[in-house]
Peer 1: 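This structure is in structure tokens; I'll ask about it shortly.
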Amino acid sequence: MRMLNPGKITKASSEPSKPAKTATTPKTSRTKKASTSAETDTAKASKTKKVFVLDTSVILYDHSAIQNFQEHDVAIPITVLEELDNFKKGNDIKNFEAREFIRFIDKLSGEHKLQDWLPLNGKNKGNFKVLMNYSSSVDAVEIFGEKNDHRILNSALQLQRERPESKVVLVTKDINLRLKARALNLVSEDYETGKIQDVGELYTGNDTLEDVSATIINELYEKGECESEKVLTTTPSDNHYFILKSFKSSTLAFYNAAEKQLERVDKLNAFGVKPRNAEQAFALHALMNTNIKLVTVQGVAGTGKTLLALASALEQRKEYKQIYLARPVVPLSNKDIGYLPGDIKSKLNPYMEPLWDNLKYIQNQFAETSKEFQKIRDMVDLEKLLITPLAYIRGRSLSNIFFIVDEAQNLTPHEVKTIISRAGENTKIIFTGDIHQIDTPYLDSQSNGLSYLIDRAKNHPLYAHITLLKGERSELANLANELL
């Protein structure tokens, strides 16, 4: 959690300026005392006790959030518990988060009352309590209207009035609620745990090196490999990719950290799908590399993320028992899928259509009478290739599975961790998505699970990442990405 740093407090002296002739006299003790006083005030300000008030969005994002505020106190408005009660049933990750938090609070409170400050377990931890819905001198409900968010604001405002010696901070993933809090002179922050600092500096997985010796490129073409020291001055991340260019030629290369050498990357063909640019060639190489168990592919719409992942899975179908394609269900207009007619399969089909579209594209590369066309149909019929929502993954052990998670930017870091922790022997997991196209209200390009995974997993020998830059869907799709 990013803490707010109090500004320095300086104490100006009220003494008149000394005449010029006294400039050479020794410093008086008055000057030393003024300096010491300023330092003391600054130290006191930096040690000001803070109280963080969490709203429901933070709990659903991370059920262990109340343990991440160091020595400061944490409070939960009673309205948050009421809202969590609506989320406790279901198979989605947010339902799990709600249940886990409720269990934690029950265990923490024991036989105590939750309106009392209870110590959080752990070294250098603060206290915790539940805030009742009181109206302060500034009534958010009266100003903004009757709504749970505004009752949460009232709880924080009342706490601010009760503890003037402390700095009360409302922590929420809801941007509009943060703005309303600031309008009422209440400090508000986003929940920063699991949030990367700069998306512009996010790991891309590849680099271009200019002016490489033609001798090195020839060696890579002839031998397929060369010592990395001949080209690189620093050690790159494990499984990093390079475009090497000389004056007249170029080649694609991969850094094999185990052998400490560069290896040539060939443009592979995966079940009829061929890479159309260097980044796609890198992605296919990582997807087909059996030593790499975790791959992320990030890029805007039309760059081929899902298509490449699915094609590589089909190409390696004999190496795995099943191929899973999954994506988070993000209901349109915030409506739950329950309002849709039909059984569970009928309800989920609209959300899974993009995956079927990619599968049909690969299938249509072949004639209907071909073995490849029939093989895909048989895999679907026999459920060797299974398209499923992520809600049904929790609690399972996935062994001998090629697992593709599409639209991973709509997952929280905890959801990504949960998915990866399901992996058993001989399982490979692929996350694809566009971190700038997020459909869930409390995530952004910095806090979503895909960005978090790319930032945290880089330089691990089991992991590789590629950012796809060029759209290959069509010229019309590229127009939308570039101009609109």
Side-chain angles (χ1 to χ4, degrees), residues 267-277 279-288 295-317 319-320 322-330 332 345 348-368 370-390 393 401-411 419 428-437 439 450 465-478 480-481:
K267 292 187 175 182
L268 304 173
N269 182 330
F271 218 80
V273 175
K274 298 179 181 179
R276 296 185 179 183
N277 55 56
E279 288 79 16
Q280 286 192 353
F282 294 152
L284 266 184
H285 181 274
L287 293 165
M288 303 276 285
V295 179
T296 53
V297 184
Q298 199 276 130
V300 299
T303 50
K305 307 178 295 294
T306 309
L307 179 65
L308 293 171
L310 180 54
S312 64
L314 292 172
E315 185 69 27
Q316 301 173 83
R317 63 191 181 279
E319 307 299 324
Y320 300 93
Q322 272 184 309
I323 299 170
Y324 277 13
L325 283 81
R327 62 186 347 229
V329 173
V330 183
L332 299 177
K345 186 175 182 181
L348 291 171
N349 267 340
Y351 302 101
M352 302 300 153
E353 280 300 327
L355 299 178
W356 290 112
D357 289 342
N358 281 281
L359 187 60
K360 290 173 185 175
Y361 177 88
I362 295 174
Q363 194 174 30
N364 290 334
Q365 303 296 306
F366 309 98
E368 292 187 15
S370 67
K371 292 181 180 180
E372 291 83 359
F373 191 98
Q374 186 60 42
K375 176 60 68 176
I376 293 177
R377 180 178 295 171
D378 292 342
M379 290 177 70
V380 174
D381 292 340
L382 298 173
E383 294 191 343
K384 183 175 175 63
L385 192 155
L386 193 62
I387 295 180
T388 180
L390 280 174
I393 299 302
I401 300 291
F402 194 102
F403 192 8
I404 301 170
V405 181
D406 195 30
E407 300 293 334
Q409 78 278 2
N410 288 319
L411 299 173
I419 294 167
K428 184 162 185 168
I429 302 181
I430 317 300
F431 290 91
T432 68
D434 177 5
I435 62 172
H436 299 291
Q437 188 176 344
D439 303 314
L450 181 58
H465 167 71
I466 285 297
T467 298
L468 300 179
L469 302 174
K470 186 179 179 182
E472 298 289 355
R473 181 173 292 165
S474 68
E475 292 183 3
L476 182 58
N478 290 341
N481 288 327

Peer 1: Can you tell me if Gln363 uses its side chain to pair, donor with acceptor, with the backbone of Leu359 under 3.5 Å?
Peer 2: no
Peer 1: Does Gln365 reach the main-chain N or O of Glu372 with its side chain, forming a donor-acceptor pair under 3.5 Å?
Peer 2: no
Peer 1: Hey, are Asn358 and Thr306 close enough side-chain-wise for a donor-acceptor pair under 3.5 Å?
Peer 2: no
Peer 1: Please check: side-chain N/O of Gln280 versus main-chain N/O of Thr303, any donor-acceptor pairing under 3.5 Å?
Peer 2: yes
Peer 1: Rounded to the nearest 0.5 Å, what separation is found between the OG atom of Ser312 and the CG atom of Leu307?
Peer 2: 9.5 Å
Peer 1: Within the side chain of Glu315, is there an N or O that forms a donor-acceptor pair under 3.5 Å with the backbone of Phe271?
Peer 2: yes
Peer 1: Distance-only, no hydrogens or angles: does the Glu279 side chain make a donor-acceptor pair with backbone N or O of Thr467 under 3.5 Å?
Peer 2: no
Peer 1: Go through it in stages, so that I can follow the logic: the residues are Leu411 and Leu450, the test is side chain to side chain contact (heavy atoms under 4.5 Å, CB included), and I'd like the CA-CA distance, side-chain angles, deciding distance and then a yes or no.
Peer 2: CA-CA 7 Å; Leu411 299 173; Leu450 181 58; over 6 Å; no
Peer 1: Indicate yes or no: at least one non-hydrogen side-chain atom of Lys274 is less than 4.5 angstrom from one of Lys267.
Peer 2: no
Peer 1: Nearest 0.5 angstrom please: Ile466 CD1 to Thr432 OG1, how far?
Peer 2: 14.0 Å
Peer 1: Has Lys384 got a side-chain atom pairing as donor or acceptor with Arg317's backbone, closer than 3.5 angstrom?
Peer 2: yes
Peer 1: Is a side-chain donor or acceptor of Gln298 paired with a backbone partner of Ile435 at a separation under 3.5 angstrom?
Peer 2: yes
Peer 1: Judged by atom type as modelled, is there a donor-acceptor pair below 3.5 Å linking the side chain of Gln409 to the main-chain atoms of Asp434?
Peer 2: yes
Peer 1: Given 3.5 Å as the limit, does a donor-acceptor pair link the side chain of Lys305 with the main chain of Val300, or not?
Peer 2: yes
Peer 1: What's the spacing between Leu308 CG and Met288 CE if we round to 0.5 Å?
Peer 2: 11.0 Å
Peer 1: If you round to the nearest 0.5 Å, how far is CG of Leu310 from CD1 of Ile430?
Peer 2: 11.5 Å
